[in-house]
Amino acid sequence: MLAPEPQAQPTATPPAAEAVLTVEHLYKSFGDNHVLQDFSLTLHRGENVVVLGKSGSGKSVLIKCIIGLLRAEAGRIVVLGQDVATLDHEAMDRLRAKVGFLFQSNALYDSMTVRENLLFPLRRHWLDHPRAQEGELVMQALEDVSLAHTADMMPAELSGGMRKRIALARTLILRPDIILYDEPTTGLDPVTAREIDHLIREVQHKYGTTALIISHDMSCVRLTADRVALLVEGRCYAEGPYDELSHRDDPKIREFFA
Amino acid sequence: MSANALLAETGALTRFTARFFREGFRPRYEVPELLYQCYVIGYQSLPMVGITGFIMGMVLTLQSRPTMAQFGAESWIPTMVGLTIIREMGPIITALIFAGKIGSSIGAELGSMRVTEQIDAMEVSGTNPFKYLVVTRVLATTLMLPVLTILADAIGLYASYVGINMKGVTTLALFVNNIFAGLTFGDVLPAVIKTFFFGFAIGLIGCYKGYYSDKGTEGVGQAANSAVVVSSLVVFIIDLVAVQLTGLLGLN
Ligand SMILES: Nc1ncnc2c1ncn2[C@@H]1O[C@H](COP(=O)(O)OP(=O)(O)OP(=O)(O)O)[C@@H](O)[C@H]1O
Ligand SMILES: [Mg+2]
């Protein structure tokens with residue numbers, strides 16, 4: 001196991017720096033299309049890390065490998081101390097209950113109301129909530145995204161920004177330790193996008209979640225990132241705080257901050 | 001479609017079928033979803049199946065009357081129409097209507113769920129989407145098509161009775177008697193059995209097309225369209241095989 005025992009390193013690392021998600025030397029290709037080549041990244045508890053990359057650079061592929069929707073050819077992904085490649089179905093499901101995934105396209109179930117959308121992960125994960133508590137959890141999650149009044153609406157009746165927030169509520173309802181955001185602000189107008197950015201920060205402060213945010217929207221990066229990692233040519237080209245990266249002279253880095 | 005593509009498609013469909021049998025009979029069983037799909041699929045196709053069944057019976061009767069009259073065999077109309085409907089027309093027409101209505105809607109539904117990542121979302125929500133979406137729908141079509149076919153047969157026969165009474169008179173009791181006198185076990189059983197296969201093929205192909213639908217909105221339309229085309233074709237192939245088999249078994 002990679003994660004060091006907490007006692008083994010007294011005082012050297014504060015507890016806040018515990019690694020909750022580690023990606024090591026990840027390779028993933030589709031035929032001749034080598035998408036990820038030797039990608040490595042570590043997330044520590046409570047921090048928001050943004051992965052910046054051009055369209056088609058493999059950001060969604062990375063996040064899908066982490067959640068186990070795609071299988072990498074080589075490399076290791078350790079989430080909350082568990083190597084995802086070694087997990088069987090049940091263990092994977094248990095792990096997924098602790099990792100929220102906000103899809104690029106929201107992936108709300110069209111045929112279900114907002115309430116049923118939120119109940120779906122709650123009921124399907126075999127979590128032992130008493131039925132009586134479900135309603136309360138749904139309302140709590142909806143209030144977290146300020147959309148309590150939409151519980152009985154269908155996804156088709158909501159605006160793009162509202163759908164994004166409902167999708168966030170659907171991941172929040174399980175109180176995940178980690179949330180993976182796949183381009184949370186893409187396709188939204190700037191004002192709505194900033195609202196989502198603030199919501200991401202709020203969630204981080206309120207629940208202490210760790211977040212991996214994928215984006216190419218620089219305002220989103222500035223507002224939500226504790227740390228930025230650049231995905232270039234399948235590798236983690238550079239990483240560091242926003243202010244530091246934005247002042248580097250490397251042309252490949254400058255491209256992003258132009 | 002080139003021969004290669006056809007072979008590849010057949011191979012993929014075979015693997016999909018194998019996966020259905022592998023995953024379908026292992027827990028967790030999605031019983032509530034299965035019942036819901038049976039309800040939806042049955043209910044959705046009820047009006048179409050009813051209307052086509054009625055027209056089928058009526059047209060068969062009215063069309064065959066002049067010919068039968070030429071031979072002075074008008075009293076044989078119920079028997080002949082009954083046999084035709086129960087053995088062939090009922091199953092095949094219902095299956096084709098069902099393929100058009102349900103095959104396409106399953107293809108489109110799963111296709112759009114695939115494109116908008118709803119299938120992936122299910123997978124990360126503690127659900128096996130193959131079991132939850134595919135197995136339930138295939139079982140539902142397999143179970144519902146025989147029921148719908150029997151219903152269409154009944155409606156078709158009633159329409160035939162109405163058709164006969166438009167030009168002549170017969171009592172319902174006599175009509176029913178005539179039909180059952182001409183029917184044997186060997187007429188009914190193979191006809192019912194093949195509808196299970198029709199239903200299975202339609203559900204499976206609809207799910208396959210939708211589940212592996214291409215990205216983009218054209219992918220969804222294509223999934224719906226080819227689900228209908230392919231499953232209608234497969235229905236005819238199964239029908240041909242069924243005729244040969246019942247012949248071999250001496251049931252013809
Ligand atoms: N299931 C798949 N099969 C084949 N190729 C794929 C698949 N998924 C992604 N790819 C390829 O991987 C590459 C990266 O795709 P990905 O969706 O990760 O891009 P992205 O960085 O998320 O871009 P965007 O910002 O547009 O969402 C693309 O070239 C894409 O064609
Ligand atoms: Mg993407």
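Below, read A as the first sequence line, B as the second, and so on, with proteins coming before strands; counting in each chain starts at 1.
- The existence of a salt bridge linking A:Lys64 and B:Glu117 is confirmed by a sub-4.0 Å separation between a basic side-chain nitrogen and an acidic carboxylate oxygen.
- We find the OG-CG distance between B:Ser125 and A:Leu122 to be 10.5 Å, quoted to the nearest 0.5 Å.
- Taking 4.0 Å as the cut-off between side-chain N and carboxylate O, B:Glu30 and A:Arg124 count as a salt-bridged pair.
- Residue-environment remark: OH (A:Tyr207) exceeds the threshold of 12 foreign heavy atoms within 6.0 Å.
- Residue pairs meeting the salt bridge (charged side-chain N to carboxylate O under 4.0 Å, His left out) criterion with at least one member in residues 136-159 of chain A, sequence neighbours excluded, are A:Arg115-A:Asp152, A:Asp144-A:Lys206.
- Between atom CD1 of residue A:Ile67 and atom CG of residue B:Asp120 there is a gap of 10.5 Å, rounded to the nearest 0.5 Å.
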**Message:** Before you tell me yes or no, could you show the steps for A:Phe103 and B:Thr116 under side-chain contact (heavy atoms from CB on, under 4.5 Å), namely the whole-Å CA-CA distance, both residues' side-chain angles and the distance that decides it to 0.1 Å?
**Reply:** CA-CA 9 Å; A:Phe103 285 85; B:Thr116 57; over 6 Å; no
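- Surrounding CZ of B:Phe236 are at most 12 heavy atoms belonging to other residues, nucleotides or ligands under 6.0 Å away.
- Taking OG from A:Ser111 and CE from B:Met113, the interatomic distance works out to 6.0 Å, rounded to the nearest 0.5 Å.
- For B:Tyr43, the OH atom counts as loosely surrounded, since its 6.0 Å shell holds 12 or fewer non-hydrogen atoms of other residues, nucleotides or ligands.
- Within a 6.0 Å radius of CD in A:Glu116, other residues, nucleotides and ligands contribute more than 12 heavy atoms.
- In this structure, CG on A:Leu69 lies 5.5 Å from CD on B:Glu123, to the nearest 0.5 angstrom.
- The environment of OH in B:Tyr161 is crowded: more than 12 heavy-atom neighbours from other residues, nucleotides or ligands sit within 6.0 Å.
- Using a 4.5 Å cut-off between heavy atoms, A:Arg94 does not touch chain B at all.
- At a 4.5 Å heavy-atom cutoff, A:Leu95 makes no contact with chain B through either its backbone or its side chain.
- Contact of A:Glu90 with chain B is not made at all, since no heavy-atom distance falls under 4.5 Å.
- Environment of NE2 in A:His89: sparse, with no more than 12 heavy atoms of neighbouring residues, nucleotides or ligands closer than 6.0 Å.
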